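Order of appearance sets the numbers: ligands from 1, and atoms from 1 within every ligand. Just so it is clear, the model here is predicted, and its values are computed rather than measured. Basis for what follows: all heavy atoms, side chains included, without hydrogens, waters or symmetry-related copies.
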Amino acid sequence: MQQLVFATNNEHKLAEVQAMVKDLFSIRSLSDIQCNVDIPETADTFEGNASLKSEYIQSHYGLNCFADDSGLEVAVLNGEPGVYSARYGGSRDMEKNIDLLLSKLVGETNRKAQFRTVISLRLEAEEHLFEGLVKGTIVSERSGAGGFGYDPIFIPDGYAKTFAEMSSQEKNQISHRAVAIQKLVTFLKNR
Ligand code: IMP
């Protein structure tokens, strides 16, 4: 079986991808390859950061790999928080991140936003990018206890509940990450 490194230690993401590629690829995490560094994410786009991470693994470990980067983009805030989603309020405190975002949208009628993921896949000398996005709106008050990050304030288009009010199966069928991963898996299967 071919091996492929996924530049993450997020168990949930690893299990999701491994289930989708089944017996075609064996997915290894950063800890599986003894990579304990915080890979620099200094670019100002999702594409740039995903690419930096996959490049780091390939150049330091000589392994084929893929990496992802994602976040929330709010239309009236010119795409903020974007690549700063995890630390928008100054730290990884999601309560503060959400409070800051909601405070910037007080009185705003255009609540359009999207979650976006970019995956960078490196196979030998080739790089391939895959994008997934889900459009929706930002509500003014948190709702729901599931999910993570900005899920309690995001309602995907076509639904009447936030990501945090959905079961993980329901969210994983429509999420930005699922769309990008599906594109990656289709590409790998057709090679
Ligand atoms: P990552 O690149 O997947 O680690 O995502 C970076 C940040 O974007 C996270 O820390 C969250 O704040 C936000 N984010 C990404 N995906 C989601 C999601 O599915 N729901 C809510 N927030 C998300």
*Candidate pair S26 and Q2, rule side chain to side chain contact (heavy atoms under 4.5 Å, CB included), full reasoning*: CA-CA 6 Å; S26 165; Q2 286 192 64; over 6 Å; no

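The residues E95 and R142 are annotated as salt-bridged, a charged nitrogen and a carboxylate oxygen being separated by less than 4.0 angstrom. With respect to E55 and R122, no salt bridge is recorded, no charged nitrogen being found less than 4.0 Å from a carboxylate O.
Judged by distance alone, the side chains of S29 and D32 do bring a donor and an acceptor atom under 3.5 Å apart.
Under the 4.0 angstrom criterion for non-hydrogen atoms, D69 is in contact with ligand 1.
Comparing F46, F148, Y150 against atom 17 (C) of ligand 1, the shortest heavy-atom distance belongs to F148.
The shortest contact between atom 4 (O) of ligand 1 and any protein heavy atom is with K13 NZ, 3.8 Å. For atom 8 (O) of ligand 1, the closest non-hydrogen atom of the protein is S85 CB, 3.4 Å. Scanning the protein heavy atoms around atom 16 (N) of ligand 1, the nearest turns out to be H176 NE2, 3.1 Å. For atom 3 (O) of ligand 1, the nearest protein heavy atom (residue, atom name, distance) is S70 OG, 2.6 Å. At the top of the distance list for atom 10 (O) of ligand 1, counting protein heavy atoms only, stands A86 CB, 3.4 Å. Protein heavy atom nearest atom 20 (N) of ligand 1, with residue, atom name and distance: D151 OD1, 2.6 Å.
Set against the non-hydrogen atoms of G71, the atoms of ligand 1 under 4.0 Å away are 8 (O). Of all the atoms in ligand 1, the ones that sit under 4.0 Å from a non-hydrogen atom of M94 are 12 (O). Set against the non-hydrogen atoms of G149, the atoms of ligand 1 under 4.0 Å away are 21 (C), 22 (N). Numbered from 1 in the order shown, with element, the atoms of ligand 1 that lie under 4.0 Å from a heavy atom of K171 read 18 (C), 19 (O), 20 (N).
Here the closest non-hydrogen pair linking T162 and D151 is CB-O, 3.4 Å. A pairwise comparison of heavy atoms in A43 and N49 identifies N-OD1, 2.9 Å as the closest pair.
A parallel orientation is assigned to the rings of H176 and F163, their planes being inclined by less than 30° (bins at 30° and 60°).
Contacts between R92 and ligand 1 below 4.0 angstrom, taking non-hydrogen atoms only, are absent altogether.
Of the polar atoms of D68, none of the N or O atoms is found under 3.5 Å from an N or O of ligand 1, judged by distance alone.
Cation-pi contact between K183 and F130: absent, since separation from the ring centre below 6.0 Å together with deviation from the ring axis within 45° is not met.
Cluster membership for L102 and F115, using ILVMFWY side-chain heavy atoms within less than 4.5 angstrom, is shared.
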